[in-house]
There are 2 protein chains.
Amino acid sequence: MPSSTQIANGLSKLGTFLRASQWHRVEDTGLTPTQSQILLHLIARGADRITAVAEEIAVTQPTASDAVAALVRKGLLRKANDPADARAVLLHPTAAGRRIAKDLALWPDVLLGAVDSLLPDEQAALLRGLTKIIRDLQHQGAIPVQRMCASCRFFRPSAHENPETPHHCDFVNAAFGEARLRLDCGDHEAAPPSAAAAAWQQFADQKASTSKAPRPR
Amino acid sequence: MPSSTQIANGLSKLGTFLRASQWHRVEDTGLTPTQSQILLHLIARGADRITAVAEEIAVTQPTASDAVAALVRKGLLRKANDPADARAVLLHPTAAGRRIAKDLALWPDVLLGAVDSLLPDEQAALLRGLTKIIRDLQHQGAIPVQRMCASCRFFRPSAHENPETPHHCDFVNAAFGEARLRLDCGDHEAAPPSAAAAAWQQFADQKASTSKAPRPR
DNA sequence: GACATTACATAGGAGTCCTATTTATATAAT
DNA sequence: ATTATATAAATAGGACTCCTATGTAATGTC
């Protein structure tokens, strides 16, 4: 029983829990998990097309179409013509949609609490692991491209000597550490393939304990 | 934007992906994610009641009842009387159910591949983080008790000097390391509350880097 | 201009998921 | 013993998820 199985198992259990806790919230918000995801996505990233939304939440286009129809019926979303393409539809959150979204959370407080109870080093290591897994899945085409440091053109891993803040973000022009790696950065811009691959190598080959073990100098 | 948010975000994304990939498998197996979960649970843990199954997969009892009915209809499950309680029902997998379950996986190969691409230290750290989160959720009553080392009466954390294999399992009477922590051990037996709390403290307070940094001696 | 492609909608159907309620049994309190 | 209460599961009803398959319109290609 290799540890990768245990890890997959753990992720699975947390996934089950997350989905269930979203369902429990239906009576407060009136939105199903799928609907919440769509609304939050549109608010975070701006107006978008149905196909793109479907890909984002990993369902087929008709399923997304269904959920969008429900949101429109509830007055939380508005369909607008896309000036760039007369077939397409741009989904805009309405004022009511924005209002409701404030009370919407994709993850429950008890999960945040549990994560906060980890030591800082543990959080950093966990985030690093998740980052690598997500980037790998993305690389294999199993999930859509994420707005993560790992694939961003502004990301320069291991750019600094200081083991506390080895990475650098060219966008905000600042050094940062493992614990500040982002998975959903608003300023993300995809790096060209070759540069991305090189930066990723740099990041991935780093020893897991970089932030603890003093570097030989 | 604290890292706990990024971590929750990452877990969320992986959860979305996991659920979607289970749906993609429907055409092979003929089973929905919920049905797969139930069948696999019963095979792994033996016959069980509907209420228990519902709790395990984090749905309400009527939902579990629905899914079980579908499985019975498909000939993969059999309902039997519970000799201990005439109201209750014991669910047994049929031979066909066991056959089908062999081809059923709760997690897709590409996820296992992604996890395997982590360095051993990274895997251990990730597993440790997941373990702590799951145990915390369990402690808060947000998820049912898991068959994990962290709550097992045979688990003796940090029992050994060797930083590679600090923990000890009294059941198999062997030392093991972070990477071998289990989340679904078949031999799990719940520890009495006080002992469990003590063992947990021992485990939780360990420095994250135990397996790397040489201990002062 | 014909042909394939793409964006979305719709239809049809099994299943998920909930709350509320019913039926039967078990347990507790009188 | 006899109610009263609690529990295990089934059922009803309804919104929604999720799929495949297909239709409709607009776009891109040669």
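The analysis underlying the following values was restricted to heavy atoms, covering all of them including side chains, and did not include hydrogens, waters or symmetry mates. Below, chains carry the letters A, B, ... as their sequence lines are ordered, and counting in each starts from 1.
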What residues form a side-chain hydrogen bond (donor to acceptor under 3.5 Å, both in side chains) with [X], not counting sequence neighbours?
{"X": "A:Gln138", "value": "none"}
{"X": "B:Thr60", "value": "B:Thr63"}
{"X": "A:Arg156", "value": "A:Asp170"}

So if I take residues 11-49 of chain A and measure heavy-atom distances to DNA chain C, which residues fall below 4.0 Å?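 Contacts with DNA chain C under 4.0 Å: A:Trp23, A:Arg49.
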Please give me every residue in residues 85-111 of chain B whose heavy atoms get under 4.0 Å of an atom in DNA chain C, ordered by residue number.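 Nucleic-acid contacts, sorted: B:Asp85, B:Ala86, B:Arg87.
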Can you tell me which stems DNA chain D forms, taking runs of 3 or more consecutive Watson-Crick or G-U pairs with both distances under 3.5 Å?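 Counting only runs of 3 or more consecutive pairs, the stems involving DNA chain D are C:1-30 with D:1-30.
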Inter- and intrachain pairs under salt bridge (Lys or Arg N to Asp or Glu O under 4.0 Å), touching [range], at least two apart:
{"range": "residues 133-144 of chain B", "value": "none"}
{"range": "residues 39-65 of chain A", "value": "A:Arg49-A:Asp82"}
{"range": "residues 62-78 of chain A", "value": "none"}

I'd like the 5' and 3' limits of the part of DNA chain D contacted by chain B, with heavy-atom contacts below 4.0 Å.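 So the outermost contacting nucleotides come out as D:dA6 to D:dC18.
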Does the [X] side chain pair with the main chain of [Y], one donor and one acceptor, at a distance under 3.5 Å?
{"X": "A:Lys132", "Y": "A:Ala204", "value": "yes"}
{"X": "B:Gln61", "Y": "B:Thr51", "value": "no"}
{"X": "A:Glu189", "Y": "A:Asp187", "value": "no"}

Strictly below 4.0 Å, heavy-atom distances to any atom of DNA chain D: list the hits from residues 60-80 of chain B, or just say none.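 Going residue by residue through residues 60-80 of chain B, the ones with a heavy atom under 4.0 Å of DNA chain D turn out to be B:Gln61, B:Pro62, B:Ser65, B:Lys79.
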Enclosure of A:Asp109 CG (heavy-atom neighbours >12, cutoff 6.0 Å):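 No - once you tally the heavy atoms of other residues, nucleotides and ligands closer than 6.0 Å, there are 12 at most.
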Should we say atom NE2 of A:His41 is surrounded by more than 12 heavy atoms from elsewhere, each under 6.0 Å from it?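 Check passes, neighbour count above 12.
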Mutual orientation of the aromatic rings belonging to B:Phe203 and B:Phe155 [parallel < 30°, tilted 30-60°, perpendicular > 60°]: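 B:Phe203 vs B:Phe155 ring planes: perpendicular.
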Does any non-hydrogen side-chain atom of A:Val115 lie less than 4.5 Å from one of A:Trp107?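 Contact flag for A:Trp107/A:Val115 side chains = no.
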Do the side chains of B:Gln22 and B:Leu31 get nearer than 4.5 Å, heavy atoms only?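 With C-beta onward as the side chain, the pair stays apart.
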If a pair satisfies side chain to side chain donor-acceptor pair (under 3.5 Å) and one of its residues is in residues 85-95 of chain A, list it, with sequence neighbours excluded.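 Checked against side chain to side chain donor-acceptor pair (under 3.5 Å) - neighbours excluded - the pairs reaching residues 85-95 of chain A are A:Asp85-A:Arg87.
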